Amino acid sequence: MKADGVIQVLNPATGECIASVPDLCREAITLAFDDAAAALPEWRARTVEDRCAIVGRLGDLLRRDAGRLATIMTREQGKPLAEARGEVAYAAGFFDVAAHEAPPLLTRPLRTSLLPGGKELRVLAQATGATACITPWNFPIAMIARKLAPALATGCTQVIKPDERTPLCALALAALAEEAGVPAGVARTVTCEPSRFAAVAFSHPAVRFVSFTGSTEVGRLLIAHSAQRVVRLGLELGGLAPFIVLEDADVDAAVAQCAASKFRNAGQTCICANRILVHDRLHDSFVERLAARASSLRVGRGLSPGTEVGPLIDDDGMAKAERQVADALSRGARLVTGGHRVHVEGCLDRFLAPTVLADVPTTALCFREETFGPIAPVARFRLEDEAIAIANAAPYGLAAYVCTRDTSRADRLARELEAGIVGINDGTPSSPLAPFGGVKPSGWGREGGPEGLLEYCDLRMVSIGGAPPIGGAA
Ligand code: SIN
């Protein structure tokens with residue numbers, strides 16, 4: 001077997017190396033898939049109640065160790081400690097939901113139809129088999145939980161490949177899975193360079209499903225990989241969420257929701273408000289209040305008490321955010337607050353002041369490409385149809401937001417906006433109970449809720465013949 005290399009795990013705030021993990025070679029990754037294949041028959045043959053007891057226990061262990069896990073997360077990912085704790089609770093919720101939803105899904109037919117003549121059609125859900133997942137750095141525990149929980153509960157096995165920047169959360173979760181009673185081989189975490197992992201995952205004969213959260217660009221590469229063996233994919237890809245504030249909205253509430261959506265995780269979420277569209281009548285007061293909120297946010301190291309906005313993940317993230325600000329300004333946008341780096345003692349230059357840009361033309365980069373930084377670009381509109389047209393013009397459809405007091409307008413926009421997730425007066429709609437996912441190049445499939453469990457199942461149609469018609473079979 002070839003020797004494994006090493007991946008250094010760096011604290012994004014300081015650049016300090018906090019650990020190293022193996023950069024596994026192809027043969028070692030293949031062994032993990034062999035283990036997942038070998039462990040499958042026994043795991044799938046267990047009762048769903050037995051598996052779900054283990055899955056539920058894993059959620060409890062996450063809650064038990066929330067403080068420790070949050071500290072690991074903040075050190076390797078940078079987000080403020082309070083947000084990291086929130087993410088651990090969010091992750092635990094996926095195990096709770098899977099443990100609750102899997103038994104009815106797997107023990108009863110999804111549907112039965114009785115046909116004239118006595119024939120019966122049954123639709124059954126069955127575990128797909130060995131699976132793989134590739135997860136991002138922005139939610140280093142929750143994005144694994146969202147994939148691992150339904151895999152385990154339905155009776156699948158899974159090989160997990162966390163982002164190279166945040167493997168420590170994944171390894172901590174793997175240790176808790178073992179403590180919860182997940183048998184060796186059923187869930188294997190491997191640390192390695194992503195293209196090597198993908199090459200093995202898509203060529204291993206046992207792998208039936210690969211779930212990925214990350215960029216649309218990488219999603220396209222995985223689609224190409226998957227073609228060879230026709231491996232099913234679950235893809236949660238990029239977003240460019242419109243955040244529409246209609247003229248009847250409660251401005252203070254809209255500002256609070258927009259700030260929560262935009263500035264959590266320093267703007268590094270796939271569903272955060274990326275194109276803020278505010279009715280002309282509210283534009284100025286909205287911008288003024290959003291800027292006041294943005295400039296009040298405390299920027300600092302995630303581990304420092306009271307921090308609300310941490311560092312960006314790396315220098316490329318900072319360069320991209322700064323490029324977007326410069327581009328918007330060069331096209332006539334107005335800088336209302338932020339737009340500059342914040343010096344944090346003992347840290348790298350990766351802290352961007354929460355930024356609000358007003359009168360941003362929709363041709364600006366920040367309206368065309370995902371930002372992944374704490375930048376809130378605001379544009380004005382006059383007619384609802386104009387806002388919908390701008391929102392739907394994007395080649396993405398993950399999340400969209402509407403602020404309004406009018407419930408019938410809310411209902412209409414919830415249907416008209418091309419997005420898998422719509423928040424009405426709600427900037428943080430994610431929940432382990434609900435299906436998360438996009439339309440258009442934002443992805444395929446759903447994660448969370450009972451729908452997320454179905455992704456790990458194959459549907460089987462069973463047709464049970466009735467009594468032959470009177471006079472004998474034809
Ligand atoms: C993401 O950014 O991919 C996930 C965000 C969430 O679950 O809220």
Side-chain angles (χ1 to χ4, degrees), residues 62 73 77-80 82-98 133-150 160-163 165-166 169-170 173 211-219 222 233-243 257-274 310 312-313 317 320-321 369-375 396-401 419-423 426-449 451-452 455:
L62 281 171
M73 192 185 304
Q77 197 273 349
K79 68 177 65 179
E83 276 191 45
R85 280 194 93 104
E87 181 179 335
V88 177
Y90 178 44
F94 287 102
F95 293 101
D96 300 343
V97 169
C133 76
I134 306 173
T135 58
W137 52 265
N138 61 340
F139 288 88
I141 291 189
M143 296 303 101
I144 299 176
R146 196 143 89 173
K147 300 171 193 304
L148 178 62
I160 299 152
K161 210 293 286 172
D163 191 276
R165 284 161 284 195
T166 53
C169 282
L173 179 59
S211 174
F212 168 69
T213 296
S215 69
T216 297
E217 193 188 355
V218 174
L222 299 185
L233 286 173
L235 299 172
E236 198 264 272
L237 307 176
L240 200 61
F243 191 103
Q257 293 302 326
C258 184
S261 169
K262 181 72 256 184
F263 298 120
R264 76 177 169 123
N265 205 9
Q268 302 171 115
T269 74
C270 302
I271 60 166
C272 66
N274 214 107
L312 294 180
I313 188 71
K320 181 179 186 189
E369 63 173 32
E370 207 170 25
T371 298
F372 258 58
I375 301 169
Y396 292 99
L398 189 53
Y401 302 90
I421 301 156
V422 180
D426 181 7
T428 50
S430 310
S431 162
L433 288 164
F436 185 106
V439 299
K440 304 200 279 191
S442 287
W444 296 340
R446 293 294 178 266
E447 297 185 304
E451 295 81 3
E455 299 280 315

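From a predicted model like this one, the values you see are computed outputs, not experimental measurements. In each ligand, atom 1 is the first atom listed, and ligand 1 is the first ligand listed.
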(message) If I compare all heavy atoms of A241 with all of I271, which pair ends up nearest, and what's the gap?
(response) CB-O, 3.8 Å
(request) For I271, counting its heavy atoms only, list the atoms of ligand 1 lying under 4.0 Å from any of them. (result) 8 (O)
(message) Would K440 and Y396 count as a side-chain contact (heavy atoms from CB on, under 4.5 Å) here? Give the steps.
(response) CA-CA 6 Å; K440 304 200 279 191; Y396 292 99; 6.0 Å; no
(message) Test of understanding: given a 4.0 Å heavy-atom threshold, classify the contact between N138 and ligand 1 as side chain, backbone, both, or neither.
(response) side chain
(request) Could you list which atoms of ligand 1 come closer than 4.0 Å to a heavy atom of F436? (result) 4 (C), 6 (C), 7 (O)
(message) With respect to Y90, determine whether any N or O atom, backbone or side chain, lies less than 3.5 Å from an N or O atom of ligand 1.
(response) yes
(message) Any heavy-atom pair between the side chains of I134 and V218 that's under 4.5 Å?
(response) no
(request) May I ask you to decide if M143's main-chain N or O and T135's side chain share a donor-acceptor pair within less than 3.5 Å? (result) no
(message) Give me the atom names and distance for the closest heavy-atom approach of A91 to A142.
(response) CB-CA, 3.8 Å
(message) When you measure from the heavy atoms of Q268 to every atom of ligand 1, does any distance fall below 4.0 Å?
(response) no
(request) Report yes if S430 has an N/O atom closer than 3.5 Å to an N/O atom of ligand 1; otherwise report no. (result) yes
(message) I'd like to check which ligand 1 atoms, numbered from 1 as shown, lie under 4.0 Å from a non-hydrogen atom of T269.
(response) 2 (O)
(message) With nothing but distance in play, are any N or O atoms of E236 less than 3.5 Å from an N or O of ligand 1?
(response) yes
(request) Check for a donor-acceptor pair, side chain of K320 on one end and backbone N or O of E370 on the other, with a separation under 3.5 Å. (result) yes
(message) At under 4.0 Å between heavy atoms, is it the side chain or the backbone of R264 that contacts ligand 1, or both, or neither?
(response) side chain
(request) Would you verify whether the NZ or CZ of K79 falls within 45 degrees of the ring axis of F139 while also being under 6.0 Å from that six-membered ring's centre? (result) yes
(request) Name the closest protein heavy atom to atom 2 (O) of ligand 1, giving the residue it belongs to and the distance to 0.1 Å. (result) C270 N, 2.7 Å
(request) Scan E447, E455, E451, E87 and name whichever one has a salt bridge (charged side-chain N to carboxylate O under 4.0 Å, His left out) with R146. (result) E447
(request) Please say whether F139 places an N or O atom under 3.5 Å from an N or O atom belonging to ligand 1. (result) no
